[in-house]
Amino acid sequence: MQKPSIPKGTRDFSPEEMANRNYIFNTIKSVFQLYGFRQIETPAQENLSTLMGKYGEEGDKLLFKILNSGDFAGGVADEEWAAKNSVKLTSKISEKGLRYDLTVPFARYVVQHRDQITFPFKRYQIQPVWRADRPQKGRYREFYQCDADVVGSNSLVNEAELLQMIDEVFHRLGINVTIKLNNRKILAGIAEYIGEPDRLIDITTAIDKLDKIGEEKVLQELRDKGFQEDALTELKSILFIIPPPSIKKDDSSFDTTWKNNDIILRQLKAILMDSEIANKGLSEIEEILEIVKLTGIQTNIELDLTLARGLNYYTGAIIEVKANDVQIGSISGGGRYDNLTGVFGMDGVSGVGISFGADRIYDVLNQLNGFPAMSEENTRLLFINFGDKEQRFCLPLLKAVRAAGINAEIFPEAAKIKKQMSYADSKKIPFVAIVGENEINANAVMLKNMTSGEQQLVPVDELVDKMNAL
RNA sequence: GUGGCUGUAGCUCAGUGGUAGAGUAGUGGAUUGUGGUUCCAUUGGUCGUGGGUUCGAAACCCAUCUGCCACCCCA
């Protein structure tokens with residue numbers, strides 16, 4: 001007999017886990033709907049031509065490819081097998097892949113269905129994505145993303161709404177978070193300012209490490225990559241603005257964060273005043289913060305110049321959410337991408353979106369013991385089964401209780417009472433109806449509260465009201 | 001893709017070359033209408049998989065897979 005197992009980086013979910021996961025999904029979903037987003041789904045498989053080249057070279061490696069059906073080997077020449085060039089061979093034997101995120105399939109969807117879409121189009125999508133990454137803490141090969149995106153609107157109101165949605169979702173879930181905000185245009189301005197406008201990626205990935213390895217090592221890394229000393233000196237004057245982590249930690253109160261943001265913005269404006277693109281980015285951030293302030297928000301929004309995620313397609317705002325009380329990677333992220341549909345032949349459609357990482361949010365809630373004790377999915381009432389006669393008496397009652405919207409079940413066989421009670425225990429069923437000969441004669445059920453142990457005789461026609469009152 | 005740690009009963013783990021163990025869960029009973037506490041009994045393992053060293057391997061060596069951790073990257 002072989003030991004059953006599942007592929008690396010995938011997971012089974014138990015009923016308890018699913019109840020908790022659905023709590024997360026439902027919370028996110030209702031917030032999405034509250035803000036006017038409508039749900040779509042796209043296939044797990046996409047054509048590789050849709051996926052390849054959208055996530056950079058690294059991303060292509062992390063794509064799961066699906067072997068062609070049928071005689072996939074037949075059309076490949078012997079020399080090509082012999083060459084053992086995996087990349088070239090892949091294109092011959094695989095034309096489909098599993099989706100890597102929800103944004104690119106969405107872009108494809110928008111272009112493909114543009115005749116049916118009225119802009120601005122606000123859609124949400126909650127589906128699994130797959131990455132052939134090496135699994136570790138908070139990182140899986142199959143995981144869910146919960147995306148909300150707006151396409152066809154350049155207004156910064158959208159960015160502000162997304163920030164409020166983040167605020168609302170994590171407030172409802174009871175997770176303390178910090179929203180980090182940056183803008184690709186400011187980063188471009190910085191690159192321009194130090195005279196290396198074409199090396200944006202090198203610069204951002206280096207300063208991304210600032211709080212990990214420190215200023216000296218960041219500068220050294222750039223020096224190794226061939227940056228000139230005067231460029232580095234100029235960069236230093238900007239790094240100086242980034243508050244060191246110690247200050248961020250000690251005083252992250254709401255007011256202080258907003259004050260810090262103002263200070264950073266003012267200093268950046270002074271330094272980057274000659275850069276047109278930087279000024280654009282700075283005024284975007286100012287406007288977003290202004291709208292958010294106007295509508296009220298409880299979460300700290302922190303300007304963070306080291307935030308450089310997803311540079312492959314973001315063009316404006318960059319958003320990332322960190323849990324304050326749990327050490328884990330970012331639990332949400334998003335941003336503005338001006339021309340994602342361009343690669344599918346539809347120019348000039350701007351989009352902005354966020355993605356909630358449901359699996360990481362699960363891990364965070366799990367560590368915080370933040371899940372509701374009693375799931376709404378759980379059975380509330382179990383009828384104990386004493387035998388044929390009693391079962392016949394209970395079944396219509398069971399039907400009536402269910403008709404009233406109360407999750408209920410009857411133990412399907414007349415097993416030992418101990419067994420049936422243990423069953424209720426292990427399923428955390430809060431109430432048990434004990435119905436034997438005495439109760440039938442009284443036309444009543446013995447209703448037992450499994451937490452307190454108390455029980456009382458309830459006439460059958462009062463059972464539903466009684467259950468609703470409890 | 002690179003480097004490190006790991007794997008023994010459903011679960012958590014002990015076992016340093018000489019007969020495969022505990023706790024817990026499961027099942028039966030003490031208690032034939034009362035669970036979550038207690039007591040007794042009992043099921044359950046090709047010691048991740050494949051090879052090697054040895055008279056003898058769960059243990060030592062090699063390979064491989066899984067899980068975890070760090071890097072890269074990311075939700």
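Naming convention: chains lettered A, B, ... in sequence-line order (proteins, then strands); numbering from 1 in each chain. Please read these numbers as outputs of a predicted model, since none were measured by experiment. In what follows, every heavy atom counts, from backbone to side chain, and hydrogens, waters and symmetry copies are set aside.
A 6.0 Å sphere centred on CZ of A:Arg38 holds no more than 12 heavy atoms belonging to other residues, nucleotides or ligands.
Note on A:Asp359: nothing from the nucleic acid sits closer than 4.0 angstrom, heavy atoms only. Within 4.0 Å of A:Tyr423, counting heavy atoms only, lies no atom of the nucleic acid at all. Across all strands, A:Lys61 comes closer than 4.0 Å to no nucleic acid atom at all (heavy-atom distances). Nucleic acid contact class of A:Gly59 (heavy atoms, under 4.0 Å, all strands): none. Residue contacts for A:Thr451: at a heavy-atom cut-off of 4.0 Å it reaches a base atom on one of the strands shown. Across all strands, A:Glu142 comes closer than 4.0 Å to no nucleic acid atom at all (heavy-atom distances). A:Ile417 comes within contact range of the sugar-phosphate backbone alone, with a heavy-atom separation under 4.0 Å but no base atom that close. Nucleic acid contact class of A:Gln145 (heavy atoms, under 4.0 Å, all strands): sugar-phosphate only.
Salt bridge status for A:Arg336 with A:Glu284: absent, with no side-chain N to carboxylate O gap under 4.0 Å.
Residues A:Thr178 and A:Asn300 bring no donor and acceptor atom of their side chains to less than 3.5 Å of each other. Counting only N and O atoms by type, the side chains of A:Tyr23 and A:Glu377 include no donor and acceptor under 3.5 Å apart.
For A:Arg139 and B:C73, a side-chain-to-base donor-acceptor distance below 3.5 Å is present, hydrogens and geometry of angles not being considered. Counting distance only, with no hydrogens placed and no angle test, the side-chain atoms of A:Lys418 and the base atoms of B:U34 include no donor-acceptor pair under 3.5 Å. For B:G33, its base never sits under 3.5 Å from the side chain of A:Gln455 at any donor and acceptor pair. Evaluation of atom-type donor-acceptor distances gives a pair under 3.5 Å for the side chain of A:Arg134 against the base of B:G3.
Stacking annotation: A:Phe143 is stacked on the base of B:A75 (ring centroids less than 5.5 angstrom apart, interplanar angle below 30 degrees).
Summarising the geometry, the separation between NZ on A:Lys137 and P on B:U66 is reported as 20 Å, rounded to the nearest angstrom.
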